[in-house]
Amino acid sequence: MLTTLQTAYTDTRAGDLAWCLGKDELPALAVLDRELPGPGDGPGPGDGPGPGDGTAAFATPSVQVQLRLLGASHQVVLDSPRGRCSETVACMPGSSTPLPFGVARRIAGWDYEFAARIETLSRGCFAGRAQELLALVADHPNGLAGTFPGDPHAFTAMLVQYRGGSVLWRTWHAYPQEGRLVATRSTLSAQS
């Protein structure tokens with residue numbers, strides 16, 4: 001799903017982004033709710049044999065996932081019987097936790113991993129990459145993207161999926177005035 005966000009462009013530099021786990025829901029400009037298989041539900045599409053063949057012995061109920069586009073970037077909230085996980089990557093006034101390049105934690109019955117990278121691209125490469133990412137996410141049933149007024153290449157995009165017993169999500173935060181693209185990757189798996 002692609003939408004135009006009705007707000008001013010708040011986080012205007014890649015370096016302004018911060019990361020936080022466990023934050024309550026912040027006001028959202030666009031939301032996408034999805035129900036995905038829970039870790040341990042057995043194979044997902046493309047993962048091989050399916051339920052009923054004896055491979056899903058340790059089934060876990062589904063995971064409710066909410067992708068949230070904020071005026072200051074993104075928030076992902078996951079709820080399941082195992083517990084709740086909330087990830088926020090945004091420009092958060094007063095935050096002293098900068099965007100880390102990698103994190104691994106155990107939270108609420110989950111193994112959580114986060115990774116981030118910042119790419120600096122030329123103007124032409126940036127425009128092409130922005131169009132490619134927006135097309136990918138806009139056409140995906142588990143994708144949410146929002147463009148900010150004033151520049152078609154200023155956007156935040158999110159994509160969530162279930163694969164190999166884990167819930168994974170990717171996000172992209174575009175800063176055309178700097179030629180910088182922040183990409184994050186998060187994984188939530190049942191603790192072993």
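Put simply, Val77 and Leu168 are part of two different groups of oily side chains (I, L, V, M, F, W, Y) that touch within less than 4.5 Å, one to the next.
Between Arg129 and Gln131, every side-chain heavy-atom pair lies at or beyond the 4.5 Å cut-off. For the pair Phe114 and Val89, the minimum side-chain heavy-atom distance is below 4.5 Å. Considering only heavy atoms from C-beta on, Glu113 stays 4.5 Å or farther from Val103 through its side chain. Looking at Val63 and Asp79, their side chains never come closer than 4.5 Å, going by heavy atoms from C-beta outward. Residues Tyr112 and Ser189 have side chains not in contact (no heavy-atom distance under 4.5 Å, counting atoms from C-beta outward).
Summarising the geometry, atom CZ belonging to Phe148 is positioned 14.5 Å from atom NE2 belonging to His153; distances are rounded to the nearest 0.5 Å. Here the straight-line distance linking atom NE2 of His74 with atom CG of Leu69 works out to 9.5 Å at 0.5 Å rounding. One finds the OG1 atom of Thr88 at 7.0 Å from the CG atom of Leu70 (value rounded to the nearest 0.5 Å). Atom OG of residue Ser186 and atom CH2 of residue Trp19 lie 9.0 Å apart, to the nearest 0.5 angstrom. Atoms CG and CZ, on Leu26 and Arg68 in that order, are 7.5 Å from each other to the nearest 0.5 Å. We find the CZ-CG distance between Phe155 and Leu134 to be 4.5 Å, quoted to the nearest 0.5 Å.
Counted by atom type alone, Gln161 and Trp169 present zero donor-acceptor pairs between their side chains at under 3.5 Å. A side-chain donor from one of Thr184 and Thr171 sits under 3.5 Å from a side-chain acceptor of the other. Defined by atom type and a distance below 3.5 Å, a donor-acceptor pair is present between the side-chain atoms of Glu35 and Ser62.
Within a 6.0 Å radius of CG in Asp24, other residues, nucleotides and ligands contribute 12 heavy atoms or fewer.
Electrostatic pairing of Arg84 and Glu25 counts as a salt bridge here, judged by a charged N lying under 4.0 Å from a carboxylate O.
A side-chain hydrogen bond (donor to acceptor under 3.5 Å, both in side chains) check over residues 134-152, counting only residues at least two apart or in different chains, returns the pairs Arg34-Asn142.
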